[in-house]
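Remarks on the structure that follows.
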Amino acid sequence: MRRSECHPLLRGTRTGKFTHEFSTAEMESLTSICDTVLPPLPFNSPTTSTAAERAFYAVSGAQSPIPDEVAEMARKRGLVEIVLLVRVVLWILATRLGTLLLCGSLCFCEKWPFVWKFSEMPLKNREEALRRWFKNKVFTPIRAALALIKLVSLYIFFSRVDVNGDNPSWEAIKYVPEIDEHPSKSSDVRPLQKGIIEPNNETESSFKKSLLQKGIRIAGDDGHTLSVECDVVVVGSGCGGGVAAAILASSGQKVMVLEKGNYFTASDYSSLEGPSLEQLYEAGGIFATDDGKMLILAGSTVGGGSAVNWSASIRTPDHVLQEWAESHKIPFFGTSEYQVAMDAVCKRIGVSEDCEEEGFQNQVLRKGCENLGLKVEKVARNSPTGHYCGSCGYGCRKGEKQGTDSTWLVDSVNHGAVIITNCKAERFILARNKNGSMRKSKCLGVIANVWSDNITKKLHIKAKATISACGALLTPPLMISSGLRNKHIGRNLHLHPVLMTWGYFPESDSGFKGKSYEGGIITSVHKVVSEESKSNPKTIIETPLLGPGSCAVLVPWVSGLDTKQRMLKYSRTAHFITIVRDSGSGAVRSEGRVSYNLSEEDRENLKKGLRQSLRILVAAGATEVGTHRSDGQRLECKGIGKEELEEFLDNVSAEGGLLSLSRNWNVYTSAHQMGSCKIGVSEKEGAVDENGESWEAEGLFVCDASVLPTAVGVNPMITIQSTAYCISNRIAALLRK
């Protein structure tokens, strides 16, 4: 299959004019910073001299239209205050006085007026200025502004594609995006076709007709709002919403599912990092906490996170279930009800325990653990044992991963459910409860906006039961904007914070086959145990999917030369992720605004995980290892002894984020969000009860990761789906009464 045959939205070719509104002076400074981050350099390597590598060294990160694309993405995805700060810094650097204030003697020159603007400074001076800013503890806002430019410019440089789906740098860094020239016949099937309505393919009249044809009753149309009726409306189609839709539709309820993302199938996917993140993830994959400390990945497409996760299908650990059942007093987590749910979930999504062939990174993890005598376990996946796909995070082109879009949602449409894409819930419809219930309000349905130029009317959906399943980042803002006030809504947000380590394995000196981006993404896991946590590990080590753009974002910037040298090693650099079961938590009370605080316990557990990761990489035979700390912390491994290694490890730590008052800092990542609308035995203990029903509004249920009482400590897909299985069966029983 050629790139031209994938979905147009996933090809990545840009159309239209830039709308960033940055001034000429601001763009002059921005272009200079892009050139400083990734400058054209002479090629002086005596060992390699391919044409692709020479061209890579010669290219600049400021080549047109990259600076405009950086400005466009920063304006579109950055927080308002950070974008404003970026523009102020760029304006200051466009003046001689401003450059003098921020760069000091680095901008002095011998000719009148004896001071350069930033764009006029020689490369070595500009690089030194960036290094100083990145280390500066006092002017952390400037550091944050420049870090955003660095992040976006490198991401765009390494992920942007031309009309042929190619990037000029990929040949040099030996990156070949996965593309199956002979996809299976099943990849051309649209499993949800008979139940899906895609407003972008409809007109006002055909949209109403499609609803009627699929069994949805039209209750009214006043020209501005289209009123419809069903039994159950589910907001979100991911791990929670997909399961809920299937269970309730199969119980005889007429179900409508609202999904703000698009519907893609295996034959639509392109495996291209840039356009895939843009279309399949919340905020185009550029979603950060308010302080810039953590980058968050969350699915935003039909199937939600299950369509783009890395297939890990790990059952809820026994000690977590015991904690939830006993300490949090949620009994069903400790009963056979939940065990039956996990069995049913694993069966429906085709979980397999074995892996026929591991990819490069998992080979390294397994070998390093074995050489140290450490336990390494297989990771079950919702895909066949022979699944060897390294790009499932961009949608599984092989059609083998069993997300909700190919399992539970298929079951739902087979029982009459209707799925509307590009449809975003605005608020729940709440009325005063007059039936004497302990709940003050009654939920009557939801008001939603259809994101389509063809359809201008709002949707007013009346339902007997309304289910919020739009995830731990979006369920709380939706409930709060609807008028709910329970103090637990939006709090207790757990993110499974991640820090990474890396090790370089030259192809000529290593027994490991393949490239870093090939093979199953997660097939092995090492649990970091200590004397105090032998039966309750707080930290695990796995391997990630890192496309070139994402990798370049996380690699610490030391100099332009160092960045290019690092990226030339991309395909043979193994990365490990250290994931902690966080005791610290955050809050999300409005859409796109997340705050989060690591606890000291979390920092300590991350530090232990980082050090263990580095030991494993060294034991596996890496020639160089390091972390992603801002100072480029790394160690050449050739000939080192145990004492030298331990001395290096003693300096490894979990530093604060961009805005911390420290010389060195980290960028954390998160792919798991949970707990922000937790179950509680009373409204004083949680936002919803054991049935997932809001303590404030009768008929309003939550059925996603936000109901989990705490962090899980492992990849949470099975936990979310099993919890949703229990809750949705309880909702079905309530509706039968």
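The residues of the chain are indexed from 1 along the displayed sequence.
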Quiz prompt | Between T543 and Q361, a side-chain donor and acceptor under 3.5 Å | solution = no
Quiz item: Going through the distances and angles, do N362 and T523 end up as a side chain to side chain donor-acceptor pair (under 3.5 Å)?
Solution: CA-CA 6 Å; N362 284 276; T523 56; 3.2 Å; yes
Quiz item: Does the ring of Y504 carry K569 above it, NZ/CZ under 6.0 angstrom from centre and within 45° of its axis?
Solution: yes
Quiz item: Which value, rounded to the nearest 0.5 Å, describes the distance between I541 atom CD1 and H526 atom NE2?
Solution: 5.0 Å
Quiz item: If you look at every heavy atom in S406 and K401, which pair is closest and at what distance?
Solution: OG-O, 3.5 Å
Quiz prompt | Check against side chain to side chain contact (heavy atoms under 4.5 Å, CB included), I296 and Q673 | solution = CA-CA 9 Å; I296 298 172; Q673 303 88 39; 3.3 Å; yes
Quiz item: Would you call E377 and K527 a salt bridge, taking side-chain N to carboxylate O under 4.0 Å as the test?
Solution: yes
Quiz item: Does the side chain of L493 come within less than 4.5 Å of L495's, by heavy atoms?
Solution: yes
Quiz prompt | Derivation and outcome, side chain to side chain contact (heavy atoms under 4.5 Å, CB included), residues W502 and V625 | solution = CA-CA 6 Å; W502 56 268; V625 298; 5.5 Å; no
Quiz prompt | Electrostatic pair R348-D411, nearest N-O below 4.0 angstrom | solution = yes
Quiz prompt | Closest contact, heavy atoms only, L272 versus L10 | solution = CD1-O, 3.8 Å
Practice problem: May I ask you to decide if the ring planes of Y338 and F332 are parallel, tilted or perpendicular, using 30° and 60° as cut-offs? | Solution: tilted
Quiz item: When H328 is tested against each of I679, L708, T710 for side-chain contact (heavy atoms from CB on, under 4.5 Å), which residue passes?
Solution: T710
Exercise. Kindly determine whether S306 and N309 satisfy side chain to side chain donor-acceptor pair (under 3.5 Å), including the steps that lead there.
Key: CA-CA 5 Å; S306 74; N309 69 16; 5.9 Å; no
Quiz item: Parallel, tilted or perpendicular: which fits the ring planes of Y517 and Y570, with parallel below 30° and perpendicular above 60°?
Solution: parallel
Practice problem: For S524 and E542, test the side chains for any donor-to-acceptor distance below 3.5 angstrom and give the result as yes or no. | Solution: no
Exercise. May I ask you to check whether Y269 and Y394 place their ring centers less than 6.0 Å from one another?
Key: no
Quiz item: Any ion pair linking R581 and E323 (charged N to carboxylate O, less than 4.0 Å)?
Solution: yes
Self-check item: Residue pair L473 / A298: nearest heavy atoms and the distance that separates them
Solution: CD1-CB, 4.0 Å
Self-check item: Donor-acceptor pair between S468 and T475 side chains, under 3.5 angstrom
Solution: yes
